There are 6 protein chains.
Amino acid sequence: MEDMSNMTSLKAKVLTAALPYIQKYNGKTIVVKYGGNAMIHPLLKKAVMSDIILLTLVGINVVLVHGGGPEISGMLKRLEIPSRFVDGLRYTDKETAEVVQMVLSGKTNKDLVSLIGQLGGKAIGMCGIDGGMIQAKKLEGDYGFVGDITGIQTAPINHALHHGYIPVIATVGTDAEGNVYNINADTAAAEIAAALQAENIITLTDIPGLLQNVDDPDTLIPLVTMADIPKLMEAGIISGGMIPKVKSLERAVKSGVKKAVMIDGRIEHSILIEIFSDEGIGTMFVAE
Amino acid sequence: MEDMSNMTSLKAKVLTAALPYIQKYNGKTIVVKYGGNAMIHPLLKKAVMSDIILLTLVGINVVLVHGGGPEISGMLKRLEIPSRFVDGLRYTDKETAEVVQMVLSGKTNKDLVSLIGQLGGKAIGMCGIDGGMIQAKKLEGDYGFVGDITGIQTAPINHALHHGYIPVIATVGTDAEGNVYNINADTAAAEIAAALQAENIITLTDIPGLLQNVDDPDTLIPLVTMADIPKLMEAGIISGGMIPKVKSLERAVKSGVKKAVMIDGRIEHSILIEIFSDEGIGTMFVAE
Amino acid sequence: MEDMSNMTSLKAKVLTAALPYIQKYNGKTIVVKYGGNAMIHPLLKKAVMSDIILLTLVGINVVLVHGGGPEISGMLKRLEIPSRFVDGLRYTDKETAEVVQMVLSGKTNKDLVSLIGQLGGKAIGMCGIDGGMIQAKKLEGDYGFVGDITGIQTAPINHALHHGYIPVIATVGTDAEGNVYNINADTAAAEIAAALQAENIITLTDIPGLLQNVDDPDTLIPLVTMADIPKLMEAGIISGGMIPKVKSLERAVKSGVKKAVMIDGRIEHSILIEIFSDEGIGTMFVAE
Amino acid sequence: MEDMSNMTSLKAKVLTAALPYIQKYNGKTIVVKYGGNAMIHPLLKKAVMSDIILLTLVGINVVLVHGGGPEISGMLKRLEIPSRFVDGLRYTDKETAEVVQMVLSGKTNKDLVSLIGQLGGKAIGMCGIDGGMIQAKKLEGDYGFVGDITGIQTAPINHALHHGYIPVIATVGTDAEGNVYNINADTAAAEIAAALQAENIITLTDIPGLLQNVDDPDTLIPLVTMADIPKLMEAGIISGGMIPKVKSLERAVKSGVKKAVMIDGRIEHSILIEIFSDEGIGTMFVAE
Amino acid sequence: MEDMSNMTSLKAKVLTAALPYIQKYNGKTIVVKYGGNAMIHPLLKKAVMSDIILLTLVGINVVLVHGGGPEISGMLKRLEIPSRFVDGLRYTDKETAEVVQMVLSGKTNKDLVSLIGQLGGKAIGMCGIDGGMIQAKKLEGDYGFVGDITGIQTAPINHALHHGYIPVIATVGTDAEGNVYNINADTAAAEIAAALQAENIITLTDIPGLLQNVDDPDTLIPLVTMADIPKLMEAGIISGGMIPKVKSLERAVKSGVKKAVMIDGRIEHSILIEIFSDEGIGTMFVAE
Amino acid sequence: MEDMSNMTSLKAKVLTAALPYIQKYNGKTIVVKYGGNAMIHPLLKKAVMSDIILLTLVGINVVLVHGGGPEISGMLKRLEIPSRFVDGLRYTDKETAEVVQMVLSGKTNKDLVSLIGQLGGKAIGMCGIDGGMIQAKKLEGDYGFVGDITGIQTAPINHALHHGYIPVIATVGTDAEGNVYNINADTAAAEIAAALQAENIITLTDIPGLLQNVDDPDTLIPLVTMADIPKLMEAGIISGGMIPKVKSLERAVKSGVKKAVMIDGRIEHSILIEIFSDEGIGTMFVAE
């Protein structure tokens, strides 16, 4: 009994220590971008969903935006639809766009909604087509139906939050003619955070954050201001696949989101560690 | 100018003639079940969606429930997943259930939502997993994940209606463990109509209605009461694939839905003809 | 049955054709001014009220403003109160003002409310005295209690609309001392449309619209901009009794009402033809 | 200054003495029936309206129901429409019914609304046709369009109260065919009080109340229970024109109205005396 | 009976005379500052509370702010805590501040709330600590915990008013560290009136108002504009304990409160006399 | 850094472990009774208030009911008011009742409100006099103004909860005559929990719970059903000061409160341990 008592007492101490962070975020909106490799491991996925439910229970409005890279690639392969890449972007013809829509909003999205439901939470899955939420046009260049966001309809998201549901959003866009666009999930999450005037945007990745030396996890850069970004680009520290991610977070911060963080989704409960500690983890982007 | 004048004058007369029907249904809820072959032809699909938007604009709450037979079969075939039928039902193993979920809620559902959006309406696509809307268990017998509905959560549907969206529902069910069930769309539509205490349920099929002689469209039975059903079954007039459809409509009527009709979805604007005329079309099922 | 089928099918086509117009006006406010000879024929009156009910059922907020010329004259004659005209306006002494109030708000107004009720609509009759709705002072010149509007209290109108009633308004005005004023119905309708920031004002008259040659209905001028009005006045095309009508519509458009139309109330369902077709009928006044 | 001081001090004492009565009626509904000779004298009419405004300002919901006997008779005479009486009731043919509607809802009603407005109050005038408020059928017997109330639609009355207006009601009734009925104002007030579940109904008459000896004002009967009424009828104390008045109050009390009083409308501020003193004035009818 | 009749008739006349004043203040907020010697006599206290209840019943939002001088002094004496005065202010050490809080919010405040309850009113007692209502810091100079108001949280006051309670406020202030401050009740009432944008502030004192000659009650100055105040200070007419009182009222008027009056709380029903007469009593401070 | 990382990771694990308990109590009401010796130690008091704020932030409606024994005794002693005990109850004469009211609602209550404010929470302090919340009469027997609760007005408590404040309640009662009653805090908390239909009532004491052998903390009885209580009384295990405490909890459970627990307020965060673990601590009373 002594041990139990020690454990529960420790538990109480931890909960009490979380109090100031809970007070700080109470009633605020946080957009969580989840995707890529961080989404593959089932146990990790479950832990992330638990964390999100916990955040909603302490009064935070969480909006979950997800991509679905590996599942889409897998399905395209099974359907023998060849993938072609232009400037690092998947060229998206009509048929590919249809598969993206189907997998993202029918498989990945509903699986996340289902998982939240199993863990006792309440979620509504939506894609950018629902309620005309993500308006897009063709991205300049020759990428087919890769979309450039032209507007966000926040009404469906706010309705879901208002009624106590976690909105889970698949990043498929649309236009007035009903074309379907493949939208980069980092970009969509940032635009949604900006439109909602969210407090934070948290991007779960499969690296520790922005690294001085991409091969050395000990060279994590914990804080980046808007003024630092051009310098870091010039120095080649922000490069490759990191460029669109950083650009998205920059966009969010410049539109009024207070804090944009890139954290390692492979660390269990990394969201909670980020929210409920002063140090946080990963790389934080702020205005100044 | 004379011709135009005649046309617009006729138009005015028709609109005026619709007045009593509009008054009758104003503020009421109608569940439309759409699926199968009636959903294949693009022009027809567009006409059906126009009709539904029109109904919402004259103050009717329309809930659209759809299946997606042909698209599911096509995808299973492309993915080389063999289909096996037991007692006329598709045996649904885990892999098949996943494809059903993906196609129904990611392809068919979002395509309908998109079409409504292009026509100037506002819709939110959902499946039975969202908000835990369709609770199910395994149907008795050995059919795999073919679902038997155990409960309907009407909250997500009512929220959508309240905010002015047409709820478009893919009939995938779920349970507390997160299993996904393939649910017959006729059954789901009937259960939803019952749970919402809808005024009408309209099932769009690819036949004229219930026929005395299945090969002769002139033998349409326009009206069936609850008392007639056992007799028509015994006489073999309700048989085969018609049995589950009639059973569903019977279930709806016995739960308080005032009128359940089976109409020919291949006739352009058949929904409007049904709602805005005394005769209606197809077969109507009423309590007595 | 074939014929019926053709008719109902045509009906469906017409309803579908009305869809874009319904979408355009949904949730908007339209002020209809009804009076004079257009109001005399019972069948026509019934048709106009049906049209108004139909508009409310497709989500348009209709405010009906009426005069009552012939009924007032008839009652004055029966009561042997002599009528004197000054500058084309009926000189209104106290006794005449009392009769105007009584006939307009007790007879004409309630008859219209009753007719709407019989046709299945819901209306509340009001005059400018109710809730102090139409504030007025004596019109400059020597016309007795002919009123010049000094302010519109929109609250009673908005309450009626909010609770789902058609406000039917008799154009009697009042002031702080309780004097009763005879108000020109065209002017009152325009002021009400301006105060409500209505989308349209439709004036039902007993002529086809503004005519180039008043004796030739084929010389209808379909469109008049604000800039055209002084020219048309100078040319004498707007003259006589047409002047106050046009001035009222001008006032409404300059105050933000998008479209002001003068249509022939003797044509059955002219309101519907105006609203549900691109061409419209009669003469339309717009900003530019 | 001493005198003024005494006066204002007295004023303060009186206001304070009114406190318990104000507390008692705060938030309650009182129906005031006003009509006949009590309504003729202009100063008295003004005093009654002031009293009603005062009641609304101390938080009482007042509904004013009025008749208009003398004005109707005057107009019928001027229009040379002969009046015929059957069993003490005016035989009401179509033409008479039209005059009743016109005078009652266009003249008497709006004059009261205007007077309330001049005194700083806010009123909305309505008759039984508005919003289908007073549903009626022909009274049994051969009286023409004398109406028997079949139902009260309280919605328009409650909307007016909700928005802070005094509903002023002319007792004209209607039916589904749009026939207009002449309704006894005492009966209508009682039915409205019953439908609203009012706290009190106060009938203003031109006699001191129910008198033991109709010629001797000192024989006032201050209190009558439901059980007393048959006895007083039998004894001939309730007789003649008093019968329908008492029957109406009886109807109200039996439907749940707590107190029904008949007071002398010729005494200045008799309503205030009734409400703000324990003794009250006139005759009070209670359940037991 | 004649006498009674005369009395009730007089009563009715007085109530009617109050009508315009009631109309004027309906829905407005009045802050009443009550304290010092005016609060000692039990009968007077009861009369003041009756007046306040009456005001709330005629639709005025009354906020009661009180001090508690004599009771505090008495308790300090009983507890043998020595009182020291600096510049006419009680030096407030921690122990004194605790007694002030305890007596003011536990004794004086709840006694007033109780009295209102006994008289049929509804009140909620609060002090500046509740909901962080009165934020303060140390007054410059060496007075210990005498507070200088830095902000007013109006939410708890507005909630009480919204739910129909009279907020009764003890003028104890607080800061982020939880220090308790002794706040001058005149100052607090003025700040609260300013924060609420009240219509009036009424200060009940134990003198007739501002006197030209402090020893001669006949030299009352009935009206003071903001421009008069510096002159009256220079002339020594506003002096001693009158200075902070006048400063507070000046502050309120300069912040938008329409009228600030200082009246003699020893005169029975002086609040009612002030509100319900044109002359008012005491000294009125207005902008100009 | 490794350590920190371990700590934050542990923290995340603990928060996740709390998830099911948070889900269970979300939106429920818990009454916490706090008083006596458990309230003396400042650090402990702060910890209890932190725990309560934490509970409100995870969506639990907490109502804090407190006594104030030692502070009352201290003040009575300082004021040289002799204390007399009858049947273990303090005989409460008028003077004593006044001190109880003053200390409890002016000192203890506001100190708790202040402490919650300092810790970032929002509270409103009230006593049973406010809004007539705790109605009482004299307890049978000769105890002076010791109160027996006759009714709870939940409106002021619900308003505070609705607006996001923690209601902090001093257990002083009142009656229609304005008498003040000293009410046992355990009893008051139980009556309030019953009136609010609270989920739980938690009593913080200075013992581990109900002990088989009062001198041996290892003999804690963890669970007591309603049926057990009479047996435990008979056996003398519930005796002395424990009797009223247990009676109160029994009363709460029998009125529909799901769980009543008695826990050791001296253990830091005992409330959190009770809520966020399956075992709980102390003694739990349930229906069966």
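Just so we're on the same page: letters track the sequence lines, and every chain starts at 1. Bear in mind that the values here come from a model prediction, so they are computed numbers and not experimental data.
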The interface call for F:M133 against chain E, heavy-atom contacts under 4.5 Å, is neither
One option among F:A155, F:G132, F:P156 has the most heavy-atom pairs under 4.5 Å with chain E, and it is F:P156
Side chain to side chain contact (heavy atoms under 4.5 Å, CB included) with F:I129: of E:I116, E:V113, E:L115, only one passes, and it is E:V113
Polar pairs (donor with acceptor) under 3.5 Å from chain E to chain F:
{"residue": "E:R78", "atom": "NH2", "partner": "F:E95", "partner atom": "OE2", "Å": "3.2"}
{"residue": "E:E95", "atom": "OE2", "partner": "F:R78", "partner atom": "NH2", "Å": "3.3"}
{"residue": "E:Q101", "atom": "NE2", "partner": "F:G106", "partner atom": "O", "Å": "2.8"}
{"residue": "E:Q101", "atom": "NE2", "partner": "F:D111", "partner atom": "OD1", "Å": "3.2"}
{"residue": "E:G106", "atom": "O", "partner": "F:Q101", "partner atom": "NE2", "Å": "2.8"}
{"residue": "E:K110", "atom": "NZ", "partner": "F:D130", "partner atom": "OD1", "Å": "3.3"}
{"residue": "E:K110", "atom": "NZ", "partner": "F:D130", "partner atom": "OD2", "Å": "2.6"}
{"residue": "E:D111", "atom": "OD1", "partner": "F:Q101", "partner atom": "NE2", "Å": "3.2"}
{"residue": "E:A123", "atom": "O", "partner": "F:G131", "partner atom": "N", "Å": "2.8"}
{"residue": "E:G125", "atom": "N", "partner": "F:D130", "partner atom": "OD1", "Å": "2.5"}
{"residue": "E:D130", "atom": "OD1", "partner": "F:K110", "partner atom": "NZ", "Å": "3.3"}
{"residue": "E:D130", "atom": "OD1", "partner": "F:G125", "partner atom": "N", "Å": "2.5"}
{"residue": "E:D130", "atom": "OD2", "partner": "F:K110", "partner atom": "NZ", "Å": "2.6"}
{"residue": "E:G131", "atom": "N", "partner": "F:A123", "partner atom": "O", "Å": "2.8"}
{"residue": "E:H159", "atom": "NE2", "partner": "F:H163", "partner atom": "ND1", "Å": "3.3"}
{"residue": "E:H163", "atom": "ND1", "partner": "F:H159", "partner atom": "NE2", "Å": "3.2"}
{"residue": "E:H163", "atom": "NE2", "partner": "F:H163", "partner atom": "NE2", "Å": "2.9"}

ring-ring contact (aromatic ring centres under 6.0 Å, His included) pairs touching residues 95-122 of chain E, sequence neighbours excluded, are none
Note: vs chain F, highest number of non-hydrogen pairs under 4.5 angstrom among E:G121, E:G178, E:A160 is E:G178
